[in-house]
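The structure appears right after this line, and notes come after that.
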Amino acid sequence: MNDNFSYFITFEGLDGCGKSVQAENLYSRLKEKKIPSLLLHEPGSTPLGEEISKLLKWSDEISLDPLTELFLFNASRAQLVKDVIIPSLRKGMVVIVDRFTDSTLAYQGYGRGIDIEIVEQINSVATRGCHPDLSILLDVPPEEAARRQKPGKDRFEAENAHFYRKVRQGYLQIAEGEPDHWLVIDGTLGVDIVSQIIWESVTNNLGRPGL
Ligand SMILES: Nc1ncnc2c1ncn2[C@@H]1O[C@H](COP(=O)(O)OP(=O)(O)OP(=O)(O)O)[C@@H](O)[C@H]1O
Ligand SMILES: [Mg+2]
């Protein structure tokens, strides 16, 4: 079997929408089928990225301007793209990333209010032109996302409902602008139903329906 897949998938949506659960389900199913795959997350998945992640999420005593957030997410991203994503795609792997550039657009752009064009420019410098083939948006109302979050909120989870409404609208607007690139799923459906929708879409896109 030709094992050159080279396919880049990102999971997007509000904190608590189900990204990690679904990214892990997809990764396990691909592994079961012996498809060479990698599961990553942002910010993080490199030694530098994990340090940046701690700063971004848990540094209550350090002041972090929205623009600084934009650069820190993209510093983590630049390292991840260079060290892991591009080499893995070159090896023919399916690369799954739990959050990527569209999180920055939705949170720092639509949520924090940084000019969308500026966010796009900085994102595009960090990614070196490496774009996902498919982005999956798990759309849930902010109230449902908040209900699902674990206790002990990080800097983003501690944001108010107004912020989350802006982020959700931002995601929907981004997805609407590129309907061929996005799979938008109602994230309030059951975990197994959502996993199946994702599996069908991914295997179709890989040219092997159901594998
Ligand atoms: N479709 C679903 N229906 C009901 N509960 C779900 C569903 N998907 C995930 N959950 C539950 O919601 C919680 C959050 O899920 P998960 O950690 O995957 O979200 P996330 O999008 O990765 O959040 P974060 O951005 O904070 O990492 C978990 O307890 C998970 O079991
Ligand atoms: Mg998660």
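One-based numbering, in listed order, for ligands and for the atoms of each.
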- What atoms in ligand 1 come closer than 4.0 Å to a heavy atom of Val191? 1 (N), 2 (C), 7 (C), 8 (N)
- Message: With the threshold set at under 4.0 angstrom, would you say Glu157 reaches ligand 1 through any of its heavy atoms?
- Response: yes
- Query: Any sub-3.5 Å donor-acceptor pair from Asp139's side-chain atoms to Gly187's backbone N or O?
  - Reply: no
- Message: Side chain or backbone, does Asp98 bring an N or O within less than 3.5 Å of an N or O on ligand 1?
- Response: no
- Note: Thr188, heavy atoms under 4.0 Å from ligand 1, region reported as neither
- Can you tell me which residue and heavy atom of the protein come closest to atom 24 (P) of ligand 1, and the distance to 0.1 Å? Gly16 N, 3.7 Å
- Does the Gln22 side chain pair with the main chain of Val191, one donor and one acceptor, at a distance under 3.5 Å? yes
- Item | Shortest protein heavy-atom distance from atom 29 (O) of ligand 1, along with the residue and atom involved | Arg148 O, 4.2 Å
- Message: With a 4.0 Å cut-off on heavy atoms, is Gly187 in contact with ligand 1?
- Response: yes
- Message: If we only consider heavy atoms of Ile193, is any one of them less than 4.0 Å away from an atom in ligand 1?
- Response: no
- Among Lys153, Lys150, Arg99, Arg155, which one satisfies salt bridge (Lys or Arg N to Asp or Glu O under 4.0 Å) with Asp15? Arg99
- Task: Examine distances only and state if a side-chain atom of Ser53 and a backbone atom of Gly49 form a donor-acceptor pair shorter than 3.5 Å.
- Result: no
- Query: Which heavy atom of the protein is the closest neighbour of atom 18 (O) of ligand 1, given with residue, atom name and distance?
  - Reply: Val21 N, 2.9 Å
- Short side-chain donor-acceptor distance under 3.5 Å, Thr188 and Asp186: yes
- Message: Looking at ligand 1, would Gln149 count as a contact under a 4.0 Å heavy-atom criterion?
- Response: no
- Report the nearest protein non-hydrogen atom to atom 22 (O) of ligand 1: residue, atom name, distance rounded to 0.1 Å. Ser20 OG, 2.8 Å
- Item | Shortest protein contact, atom 1 (N) of ligand 1 (heavy atom only) | Leu189 O, 2.8 Å
- Message: I need the atoms of ligand 1 closer than 4.0 Å to a non-hydrogen atom of Leu14, numbered in the order shown.
- Response: 21 (O)
- Task: Let me know which of Phe163, Phe73, Tyr164 forms a ring-ring contact (aromatic ring centres under 6.0 Å, His included) with Phe156.
- Result: Phe73
- Can you tell me if Asp154 uses its side chain to pair, donor with acceptor, with the backbone of Glu157 under 3.5 Å? yes
- Can you list the atoms of ligand 1 that are under 4.0 Å from a heavy atom of Arg99? 25 (O)
- Protein contact of atom 16 (P) of ligand 1 - nearest heavy atom, named by residue and atom, plus distance: Gly18 CA, 3.8 Å
- Note on the structure: Among non-hydrogen protein atoms, atom 21 (O) of ligand 1 lies closest to Lys19 NZ, 2.7 Å
- Cationic N near anionic O, under 4.0 Å, Glu159 to Arg112: yes
- Run the salt-bridge test on Arg29 and Glu32 with the 4.0 Å N-O cut-off and return the result as yes or no. no
- Item | Row check, Phe100 ring normal vs Arg77 NZ/CZ: under 6.0 Å, within 45° | yes
- Task: Considering the heavy atoms of Gly190, write down every atom of ligand 1 situated less than 4.0 Å from one of them.
- Result: 1 (N)
- Message: I'd like to know if Leu30 and Leu40 are part of one continuous hydrophobic network [Ile/Leu/Val/Met/Phe/Trp/Tyr, side-chain heavy atoms within less than 4.5 Å].
- Response: no
- Give a yes/no verdict on whether any heavy atom in Val194 is under 4.0 Å from an atom of ligand 1. no
